[in-house]
Amino acid sequence: MDLSPITREAVLETIAKCDRLGRDRFLKKYGYDPARRYFLHHNDVHYDSKAIVGVAYRSVAGRPLNANEFSGGLQTVVRLLTRLDFKVAAKAPPPSLQQLKDQLKGLRVASTANGPARHQPITLLWALGRAAHRAPRLVPWNSAHLELRGLLRAYGQPSSRPHPEFPILALARTDLWELHGPDGAAPPAHGEPLGWLEQHNPSSGLSTWAYELTASTEEARTEAIAELAQRFFNGEIPQALLKEVGLDPQKQTLTPTPKTSRPTSASATASRPPKPAATTTAPPVRPTNDPYAPQPR
């Protein structure tokens, strides 16, 4: 099978498709096994080289190659990717749990009268819940903000406003998060970024490495939840919040002891009671002057 007509643009389009679907869904959709030896290394992410090239072949023939249609062995794939100016790694390094914990410890958030703002940790918990269920990694703004607004309103600090544009843009400045929009830099989190988000509707979510790590191991999710609990929830995240984002509280066993140096208050430590069953699946009704409010049925 002649792979030489495949272009760099076709490979980049296939990489973007893999990012949208997530690695497991991408491989399953096109019938490929995970790579064992050679990986395409692009933007600090390792991709299954044979699968990427096979799917990119549709730009030549109008259909992707099946895994058993390759001829010439993996060296043919390596030569093609090298010729197209891609880097090929002989082995993908495993995502680091310590790297995840370091990134969470390094989160910079605003302070409120009730303690550190919870916009970013709640957004990360929402993304961890998606990873736990292998839901698509990247979510368009017009869908994400509806879910996040309800979570921020219910579980954020009492003195904070439920504005999901702030955590999405702030997290995009970290290695934990990706924001896929038009060419050019996204606006800063502080200011008036809402117009840009509405105009371009970018997709965002956990970085590939963070998604794969937390989707693959319960230990990584548990450690992440424990770190967020210690820094932002006085040691214990409300179980109602964990349930709402799809994380089973019964499986999260690493709940650290609250910091003794931080003063506590009833408003900061109290867990919200579970919502009535009739309202758990729908976001709360917003005031009619809220442009993002889902309207009551």
Side-chain angles (χ1 to χ4, degrees), residues 104 107 109-133 135 139-171 176-177 189 193-194 197 204-206 214 221-222 224-252 255-256 258 262 264-297:
L104 293 174
L107 285 178
V109 304
S111 297
T112 76
N114 307 102
R118 293 175 176 172
H119 292 70
Q120 291 185 55
I122 288 175
T123 301
L124 287 170
L125 288 168
W126 169 77
L128 289 172
R130 298 185 64 82
H133 295 277
V139 184
W141 164 253
N142 60 10
S143 297
H145 82 79
L146 291 174
E147 298 181 35
L148 288 171
R149 185 176 290 268
L151 294 171
L152 293 172
R153 188 184 298 276
Y155 303 103
Q157 297 287 20
S159 56
S160 295
R161 294 180 294 175
H163 288 185
E165 61 269 26
F166 297 150
I168 283 179
L169 291 171
L171 285 169
L176 289 167
W177 202 259
L194 200 53
L197 291 165
S204 67
L206 289 174
T214 55
R221 294 195 299 275
T222 301
I225 291 169
E227 182 62 38
L228 293 174
Q230 181 177 2
R231 283 201 61 193
F232 303 104
F233 294 90
N234 293 315
E236 185 176 1
I237 298 173
Q239 292 203 357
L241 170 56
L242 293 175
K243 289 180 180 179
E244 198 162 340
V245 298
L247 296 168
D248 185 356
Q250 302 304 320
K251 294 183 178 180
Q252 314 309 329
T255 302
R262 178 187 300 167
T264 61
S265 65
S267 60
T269 58
S271 298
R272 299 178 183 268
K275 298 180 179 180
T279 61
T280 52
T281 58
V285 176
R286 315 291 180 229
T288 54
N289 62 351
D290 187 338
Y292 299 106
Q295 298 303 311
R297 299 179 180 176

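Here the structure is a predicted model, which means the values were calculated and not measured.
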Legend entry - S204: side-chain contact (heavy atoms from CB on, under 4.5 Å) partners, not counting sequence neighbours: I168, W177, L179
Inset, instruction - Provide the closest heavy-atom pair for A224 versus L128 in the form atom of the first, atom of the second, distance. - result: CB-CD1, 3.9 Å
Inset, instruction - Might you work through the side chain to side chain contact (heavy atoms under 4.5 Å, CB included) test for L148 and W141, ending with a clear yes or no? - result: CA-CA 10 Å; L148 288 171; W141 164 253; 6.0 Å; no
Legend entry - Spacing of CZ belonging to R161 relative to OG1 belonging to T112, to within rounding of 0.5 Å: 12.5 Å
Inset, instruction - State, yes or no, whether a side-chain contact exists between F233 and I122 at a heavy-atom distance under 4.5 Å. - result: yes
Legend entry - Side-chain donor or acceptor of Q157 paired with backbone N/O of P116 under 3.5 Å: yes
Inset, instruction - Give, for atom NE2 of H145 and atom CD of E165, the distance between the pair rounded to the nearest 0.5 Å. - result: 9.5 Å
Legend entry - Smallest separation among heavy atoms of A113 and S159, with atom names: N-OG, 3.7 Å
Legend entry - Check: F232 main-chain N/O paired with R118 side-chain donor or acceptor under 3.5 Å: yes
Legend entry - Side chain to side chain, L104 and R231, heavy atoms closer than 4.5 Å: no
Inset, instruction - Please examine the side chains of L125 and L247, heavy atoms only from C-beta on, and report whether any two atoms are closer than 4.5 Å. - result: yes
Legend entry - Flag, side chain of H133 to backbone of G246, donor-acceptor distance under 3.5 Å: yes
Legend entry - Nearest-0.5 Å distance, CG of residue L206 to CH2 of residue W126: 9.0 Å
Inset, instruction - Nearest 0.5 Å please: distance from the OG1 atom of T123 over to the CG atom of L176. - result: 12.0 Å
Inset, instruction - To the nearest 0.5 angstrom, please state how far the CG atom of L169 sits from the CD atom of Q120. - result: 10.5 Å
Inset, instruction - Could you grab the distance from atom CG of L107 to atom CG of L228, nearest 0.5 Å is fine? - result: 7.0 Å
Inset, instruction - Using side-chain contact (heavy atoms from CB on, under 4.5 Å) as the criterion, list what pairs up with P162, not counting sequence neighbours. - result: R149, L152, R153
Legend entry - All side-chain contact (heavy atoms from CB on, under 4.5 Å) counterparts of S143, not counting sequence neighbours: V139
